Amino acid sequence: TGVYVFDPASPHLLLDRITGLSTPSFNTFGPNGNLYVSDYSSNTVVQYQKSTWAPVGDYCSLPSNTPPDLPANGLTGIGFGKDGKLYMGADAKYSFVFDGTNATLLKDMNEYVVRGVAVGGDGIVYIASNQGADASAPRQGVILRYNPNTGQWLPSWAVAAGNPSGLAFGPDANGDGASDLYIADS
């Protein structure tokens, strides 16, 4: 397990793997250009130096006792907001924000299972989740949206995907000039 670095022009493997993680799940780049990787097994985000890929160390961890039903593992999506804070999802039903000092609960999503996190060009935090913990019921994919500037949750988007996980903003697919949100479904 690890994080692999490729040159898309070749495609040539630049780095066999970045190690030091038990179960890497999602990664993002921070405002300082360093790579941050969420480790599902330890509920920790590990930071790697951008030019050497050497581990800088643990950047943050989910709080171990808040909320009381937070599983011992399950850190999933991560993404830095324009405010410099790290937004994180936990496989249970929670989202968190790390302000550089403390990781605090952003929201208990109740029946939603939190997966990926992405931040749009407008600064809005997008959280991929699905509704329905009962395996016999069909899952409804939902994209939750949070405005860090106002501290308000915006109306969520129901999506056809039953289990949205990875989120990324990318090229304009419909010609309106804005980057579009790409959603991976599993």
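Just so you know, residue 1 is the first one in the sequence shown, and it goes up from there. Atom set for the values below is all heavy atoms of this structure, side chains included, hydrogens, waters and symmetry mates excluded. Quick caveat: nothing in here was measured; it's all calculated off a predicted structure.
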- Verdict with supporting geometry, Ser25 and Thr76, side-chain hydrogen bond (donor to acceptor under 3.5 Å, both in side chains): CA-CA 6 Å; Ser25 53; Thr76 56; over 6 Å; no

- Provide the closest heavy-atom pair for Tyr182 versus Pro171 in the form atom of the first, atom of the second, distance. OH-O, 2.8 Å

- Less than 4.5 Å apart, any side-chain heavy atom of Val45 and any of Leu86? yes

- Message: Under a 3.5 Å threshold, yes or no: a donor from one side chain and an acceptor from the other, between Gln47 and Asn34?
- Response: yes

- Shortest non-hydrogen separation from Phe169 to Ser179 and the atoms involved: CD2-OG, 3.9 Å

- Task: Answer yes or no: is there a side-chain heavy-atom contact under 4.5 Å between Val125 and Pro148?
- Result: yes

- What's the spacing between Phe98 CZ and Ser61 OG if we round to 0.5 Å? 8.5 Å

- Between CG of Asn147 and CG of Leu154, what distance do you get to the nearest 0.5 Å? 5.5 Å

- Task: Answer whether the closest heavy-atom distance between the side chains of Leu167 and Ile143 falls below 4.5 Å.
- Result: yes

- Strictly under 6.0 Å, is that where the ring centroids of Tyr87 and Phe96 end up? no

- Item | Euclidean distance, Thr104 OG1 relative to Asp99 CG, rounded to 0.5 Å | 6.5 Å

- Output, in order, the C-alpha distance, side-chain angles, deciding distance and verdict of side chain to side chain contact (heavy atoms under 4.5 Å, CB included) for Trp153 and Leu144. CA-CA 8 Å; Trp153 287 90; Leu144 302 164; 4.1 Å; yes

- Hey, would you say the Tyr48 and Trp53 ring centroids sit under 6.0 Å apart? no

- Message: Would you say that Ser156 contacts Arg145 through its side chain, given a criterion of any heavy-atom pair below 4.5 Å between the two side chains?
- Response: no

- CD1 on Ile124 to CD1 on Ile127, rounded to 0.5 Å: 11.5 Å

- Hey, does Phe26 have a side-chain heavy atom less than 4.5 Å from the side chain of Tyr40? no

- Report yes if some heavy atom in the side chain of Tyr146 is under 4.5 Å from a heavy atom in the side chain of Leu106; otherwise report no. yes

- Query: Hey, what do you get for CZ (Phe80) to CE (Met88), rounding to the nearest 0.5 Å?
  - Reply: 9.5 Å

- Considering the options Asp58, Val56, Leu35, which one meets the side chain to side chain contact (heavy atoms under 4.5 Å, CB included) requirement together with Val46? Asp58

- Message: Show the nearest heavy-atom pair for residues Pro24 and Leu21, with the distance to one decimal.
- Response: CB-CD1, 3.7 Å

- Option among Thr23, Leu62, Val37 that satisfies the side chain to side chain contact (heavy atoms under 4.5 Å, CB included) test with Leu75: Leu62

- Query: Cut-off 3.5 Å, side chains only: do Ser22 and Ser42 have a donor facing an acceptor?
  - Reply: no

